[in-house]
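Remarks on the structure that follows.
This structure is a prediction, so every number in the text was calculated from the model and none was measured. Numbers restart at 1 for each chain; the letters A, B, ... are given by sequence-line order, proteins then strands.
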Amino acid sequence: MMKMLMFGGAAALILSTAATAAAPSDPQIAHIAYTAGQIDIAAGKQALARSHDKRVRAFAQEMVRDHQAVNVKALALVKKLHVTPEANPTSAALSKGAAAKLKELARLHGRAFDRAYVRNEVAYHRTVNGALRDTLIPGARNGELKSLLETGLTLFTEHQKHAEHVAAELR
Amino acid sequence: MRSGRLGLGASAAVAAALALVPPASAAPRVYTVVIDKMRFGPAPVGLHVGDRIVWANKDFLRHSATAADRSFDVDLPAGKAGAVMLRKAGAIAVACKFHPGMKLQLNVAT
């Protein structure tokens, strides 16, 4: 249980540290949001390769589809705004944590994988949504970036509910 | 002259009355509900059986307009629209099957 929640917990620590550090700039916010999306796409693809559960696969497909759509939109927006997403310690720490989680989940099979994947999705969305609400959205200076992040928060709140629903079914 | 004016006024009054009370067999109408930023736009008012609703998905995400009573289920890829005809009267709860927090209620009269 502790291990399963570890990545979500680590992400929470990373993102709350970002909140207390100097306020991130728009290029950094764009980079963090994009990275967070890529992480969930990779997690979803791993689940599609490993899970045979219909509910888990439907959820993973939704994650890949929605997060890809958001990131395509995000890339188009930064191009339009002539903003170059800027790598930063928060993004780097998120990526590092996600790589460790992928490796950990790769060792699990069947029901154990399904439970661990979905449980992490609950924790991860909770963390990312908290960061969007408390740090990234209030910090965004550009109106269009802010608006995209707000739509993202509405969307990812749906994902969080969906993940919680699947987690309860797998219990 | 005088009676002519009166006649004109009277026919205008009849026309106005007709406009206020359309016959029961009023031509079906088409309404558009826009979906944007993870939300359904406002539900059209004055819906009747036989009317059509065009669901216009302006979002960059795939959505659906799915009736809880299963009377319709329209898949709405990003940027696409789909239409349904309202075939029965009553309150119809509509949601996006991919994002169930997106909801709308239609009230359809006979």
Fill in: Enclosure of A:Arg55 CZ (heavy-atom neighbours >12, cutoff 6.0 Å)
yes

Discussion item. Check this for me: B:Arg29, atom CZ, are more than 12 non-hydrogen atoms of other residues, nucleotides or ligands nearer than 6.0 Å?
Written reply: no

Worksheet entry | Linked, directly or transitively: B:Tyr31 and B:Phe72 (ILVMFWY side chains, under 4.5 Å) | yes

Item to complete: Begin from the C-alpha positions of A:Ser147 and B:Lys37 and carry the test side-chain contact (heavy atoms from CB on, under 4.5 Å) through to its verdict.
Response: CA-CA 9 Å; A:Ser147 169; B:Lys37 297 188 167 71; 3.0 Å; yes

Discussion item. For B:Arg70, is the CZ atom crowded, meaning more than 12 foreign heavy atoms sit under 6.0 Å from it?
Written reply: no

Practice prompt. Answer with side chain, backbone, both or neither: which region of A:Val70 has an atom nearer than 4.5 Å to a non-hydrogen atom of chain B?
Written response: both

Discussion item. Check this for me: A:Lys161, atom NZ, are more than 12 non-hydrogen atoms of other residues, nucleotides or ligands nearer than 6.0 Å?
Written reply: yes

Worksheet item: Just how far is it from atom OG1 of A:Thr157 to atom CE of B:Met38, taken to the nearest 0.5 Å?
Response: 8.5 Å

Practice prompt. Please step through side-chain contact (heavy atoms from CB on, under 4.5 Å) for the pair A:Asp66 and B:Phe60, ending with a clear verdict.
Written response: CA-CA 9 Å; A:Asp66 282 351; B:Phe60 56 88; over 6 Å; no

Discussion item. Using 0.5 Å steps for rounding, measure from the CG atom of B:Leu61 to the CD atom of A:Glu62.
Written reply: 10.0 Å

Worksheet entry | Test log, rule side-chain contact (heavy atoms from CB on, under 4.5 Å), inputs A:Thr154 and B:His99 | CA-CA 10 Å; A:Thr154 311; B:His99 314 111; over 6 Å; no

Worksheet entry | Atom pair CD (A:Glu158) and CE (B:Met102), whose distance is rounded to the nearest 0.5 Å | 8.0 Å

Worksheet entry | Contact check, side chains of A:Arg65 and B:Phe98, non-hydrogen atoms, under 4.5 Å | yes

Discussion item. I'd like to know whether NZ of B:Lys58 has more than 12 heavy-atom contacts from other residues, nucleotides or ligands below 6.0 angstrom.
Written reply: no

